S.K.: 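Encoded as structure tokens, here's the structure I'll be asking about.
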There are 2 protein chains.
Amino acid sequence: MATIRDVAKEAGVSVATVSRVLNNKGYVTKETEKRVELAIEKLKYKPNAIARSLSIRKSNIIALVVPAINNPFFPEIAKAVEDVAQAKGYKVFLCNTDDRRDRLIEYLHSLRDNFVDGIIINSENLTEADLEDLKQQDIPVITIDRVLSNQAFSSISVKNRYGGQLATNHLIQVGCQRIGHLSGPENVVTAKDRFWGYRDQLKNFDWFDQSWIVKVDFSIEGGYHGMKELFQRHPDIDGVFAANDLIAAGALKAAFEWGRKVPDDLAIVGFDGIDITELTIPRITTIQQPIYEIGKLAMEEVLRFINNSKATAKNYELDVKLIQRESTMR
Amino acid sequence: MATIRDVAKEAGVSVATVSRVLNNKGYVTKETEKRVELAIEKLKYKPNAIARSLSIRKSNIIALVVPAINNPFFPEIAKAVEDVAQAKGYKVFLCNTDDRRDRLIEYLHSLRDNFVDGIIINSENLTEADLEDLKQQDIPVITIDRVLSNQAFSSISVKNRYGGQLATNHLIQVGCQRIGHLSGPENVVTAKDRFWGYRDQLKNFDWFDQSWIVKVDFSIEGGYHGMKELFQRHPDIDGVFAANDLIAAGALKAAFEWGRKVPDDLAIVGFDGIDITELTIPRITTIQQPIYEIGKLAMEEVLRFINNSKATAKNYELDVKLIQRESTMR
DNA sequence: CATAGATAGGTAACCGATTACATTTTGATT
DNA sequence: AATCAAAATGTAATCGGTTACCTATCTATG
């Protein structure tokens, strides 16, 4: 592999000049520029990105750290992030922590050590302390679905509690009398907020108590088993608010097996607005997040911090909206 | 940030000694080792990965390049790759090309320039020439679903043609008389092979011709529209082999809207064996690939090449098997 | 014509590790 | 005590870029 010194020699100039041509920076005559370009061509020279990173302490890479790529929510976010990143000449590396704190920590170290220019992260098991290093090194970190009290970084989230209210209200509107909740893991902030929204709407009903809530994983299996649990506890259940769409899909499956017709015997509302809610039969009513917007905004925030290290953090809270489909049409 | 020289000074030794302690290489007395470790502790020293990479030309990072993370097939592969990688101290960066050649090329350049230690790639629009650079630099590349004639690198694929035969045969067995095929994009090798398998089983029927085949994207929407097209062309269609599970799921949806009962009016077989085939109602019969195995094997091959630059390429062709579910039970 | 400022290009230090090679210390052997 | 190999540590070059600082040339201006 040719180095910049080889090119300099070939073109009969100094390395500084070659570097100037490479980054079109500083004064170089058209003529020398041509000579250098010819030399580059001839030697098939490719600048070494690592050496460059070491020198300027930037990599043109941003990382997107997600807890579970098998939740379609994250690929959709990723798509938006990549679109914006690519337009600005950045590359995106996706890191999947599989919900494990050890992997998260390792990735964070690795990213810091490799001079990524920014990090977009969605993770439950993330503490402020984990980001201390990054902050110290001025590596912008944007959190999704997680507002850190540390006001160093921007965050993007949605109105989860309001969404929970919307969903529950909708179930009441369509005539449900006994509404259960398949809640996400309790340490997850979004899950908690959605739960609160649900509770807000039901706390004054006399039939309502804790037994209407089952905590499950954010997964199809979680929803499936959780729904069966709810059927067992409350055979008279006629509506359920699932903390995300995967859970809702699992609940739908469970209802089918349990012999309950959706929406007539059981109305279901999910949360997120991922594509599979349109695939199921019946299609699932959901609280739609502006997923693409979230990813886009996150990446734009990263860029804002990259371009201005003194940028001030903002906490964005985006709107959600109810999309009614057959799973609640009765 | 403290550097290795700071540590050396603090511990009263040379940088070489510090490096030796860091990589426990060479001779160091227990005593100096302690002193160095204390200094590291005190200064909160973290070795700079970029500098290290520049020096040893390795990064402990391997990349997984996929065409579409929103196809659950790839997250499942990713999981396997990550599991093996992590066990061996490697980190995995996921690169999503979104099926675009320009992004693929950019990623490949970027990966080469950043000294990734290995690449696992699944991409249709990949030519041998694209890998020339990587080969030259001894960066192992393992292809999934794509056998390159260039025998420099290993490949992992499955018996796609046989799978197509299995699927079609199964449809015949359960009594289908008119069997269509929702084929993947024609430039995709796996799609082509699955098609051949389908054709093998039907070419001798006198009703069979090209009109029973519709080419679609490997997506739910693709399957949805393709199936409607098939219904229009052939109202008497009673079985369909979809080139992957997403297509099958779309077909299922279309059948529902078209008023055809699955499996009674239309039997459906998919391909891949991703989780959503168990979620749909009815669940979808599919040709199951050993997805986790594929990812695991790919990563193991990468490691084999990393540890032995003279390793010889192998072309693995794994088995597939029919998993019968309700979508063909009649 | 002298001079200042702009333009063009070069030299060498630096980013932060690794490591070949050199040097010193240790300890066993005779 | 002399000798020598093994053990321990140090020096400085190297990986391949960037860039602060320096020098030389060119042009415009009074």
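Letters A, B, ... mirror the listed sequences (proteins, then strands); counts begin at 1. Being a predicted model, the structure only gives us computed values, none of them experimental.
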S.K.: Please pick, from dG16(C), dT18(C), dG10(D), the nucleotide with the shortest atom-to-atom distance to any side-chain atom of R57(A).
M.R.: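 Within the option list, the nearest is dG16(C).
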
S.K.: Looking at T29(B), does any N or O in its side chain come under 4.0 Å of the phosphate oxygens OP1/OP2 on dT9(D)?
M.R.: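 Affirmative; the distance criterion is met.
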
S.K.: Check whether any side-chain nitrogen or oxygen of S19(A) sits under 4.0 Å from OP1 or OP2 of dT18(D), and answer yes or no.
M.R.: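 Affirmative; the distance criterion is met.
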
S.K.: Touch check for I56(A), heavy atoms < 4.0 angstrom, all strands: base, sugar-phosphate only, or nothing?
M.R.: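 Touches sugar-phosphate only.
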
S.K.: Verify the contact: side-chain N or O of K25(A) to OP1 or OP2 of dT19(D), cut-off strictly under 4.0 Å; return yes or no.
M.R.: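 True: K25(A) side-chain N/O within range (under 4.0 Å) of dT19(D) OP1/OP2.
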
S.K.: Phosphate oxygens OP1/OP2 of dT18(C): is one of them under 4.0 Å from a side-chain N or O of N23(B)?
M.R.: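 Yes, N23(B) has a side-chain N/O under 4.0 Å of OP1/OP2 on dT18(C).
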
S.K.: Strictly below 4.0 Å: does S53(B) bring a side-chain N or O up to OP1 or OP2 of dA17(C)?
M.R.: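 Negative; the distance criterion is not met.
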
S.K.: Give V15(B) one of three labels, base, sugar-phosphate or nothing, depending on what nucleic acid heavy atoms sit under 4.0 Å from its own.
M.R.: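 Base contact.
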
S.K.: Nearest to the side chain of A16(B), which nucleotide is it out of dT18(C), dT11(C), dG10(D)?
M.R.: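 Nearest nucleotide to the side chain: dG10(D).
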
S.K.: Taking atom types as modelled, find out whether E301(A) and Y316(A) have a side-chain donor-acceptor pair closer than 3.5 angstrom.
M.R.: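 A pair is found: one side chain offers a donor N or O, the other an acceptor, under 3.5 Å apart.
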
S.K.: If you pin I4(A) and G12(B) to their nearest nucleotides in DNA chain D, which one's is more 5'?
M.R.: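 The residue whose closest nucleotide sits nearer the 5' end is G12(B).
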
S.K.: Establish whether the base of dG17(D) is bridged to the side chain of R5(A) by a donor-acceptor pair shorter than 3.5 Å.
M.R.: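 Per atom types, the contact qualifies.
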
S.K.: Which part of the nucleic acid does K46(A) contact within heavy-atom distance under 4.0 Å: base, sugar-phosphate only, or nothing?
M.R.: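 Sugar-phosphate: the residue K46(A), judged by heavy atoms under 4.0 Å, touches backbone atoms but no base.
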
S.K.: Counting distance only, does the side-chain N/O of R146(A) pair as donor-acceptor with the main-chain N or O of L126(A) below 3.5 Å?
M.R.: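 A pair under 3.5 Å: yes.
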
S.K.: Output yes when D133(A) and K44(B) qualify as a salt bridge under the 4.0 Å nitrogen-oxygen rule, no when they do not.
M.R.: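 Between K44(B) and D133(A) there is no salt bridge, as every charged N stays at least 4.0 Å from the carboxylate O atoms.
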
S.K.: Of the nucleotides dG10(C), dT18(D), dA17(C), which has the atom closest to the S14(A) side chain?
M.R.: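 Ranking dG10(C), dT18(D), dA17(C) by closest atom to the S14(A) side chain puts dG10(C) first.
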
S.K.: Hey, are D98(A) and K79(B) close enough for a salt bridge, meaning a charged N less than 4.0 Å from a carboxylate O?
M.R.: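 Looking at K79(B) together with D98(A), the answer is yes, because their closest N to O distance falls below 4.0 Å.
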
S.K.: Rounding to an integer number of Å, can you tell me how far N48(A) CG sits from dT14(D) P?
M.R.: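 After rounding, the gap between these two atoms is 17 Å.
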
S.K.: Using a distance-only criterion (donor-acceptor N/O pair, under 3.5 Å, no hydrogens), is the base of dG10(D) paired with the side chain of R20(B)?
M.R.: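 By the distance-only test, yes, there is a pair.
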
S.K.: According to a strict under-4.0 Å criterion, is S55(A) in side-chain N/O contact with OP1 or OP2 of dG16(D)?
M.R.: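 Looking at the OP1 and OP2 atoms of dG16(D), neither is under 4.0 Å from any side-chain N or O of S55(A).
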
S.K.: Base, sugar-phosphate, or nothing for K58(A), non-hydrogen atoms under 4.0 angstrom?
M.R.: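 Counting heavy atoms under 4.0 Å across all strands, no contact is made by K58(A).
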
S.K.: Where each residue is assigned the nucleotide of DNA chain D containing its nearest heavy atom, which of F115(B) and G26(B) is assigned the position nearer the 5′ end?
M.R.: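 Whichever sits nearer the 5' end wins; that is G26(B).
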
S.K.: Counting only side-chain nitrogens and oxygens, does Y27(B) get under 4.0 Å of the OP1 or OP2 atom of dA8(D)?
M.R.: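 The answer is no; no side-chain N or O of Y27(B) sits under 4.0 Å from OP1 or OP2.
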
S.K.: Choosing from dG17(D), dG16(C), dG9(C), which nucleotide comes nearest the side chain of R52(A)?
M.R.: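 It is dG17(D).
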
S.K.: Between dG16(D), dA17(C), dT11(C), spot the one nearest the side chain of A51(B), thanks.
M.R.: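 Of the options given, the side chain of A51(B) lies nearest dA17(C).
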
S.K.: So, are R103(A) and D83(B) salt-bridged, with charged N and O less than 4.0 Å apart?
M.R.: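 Yes, R103(A) and D83(B) are salt-bridged.
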
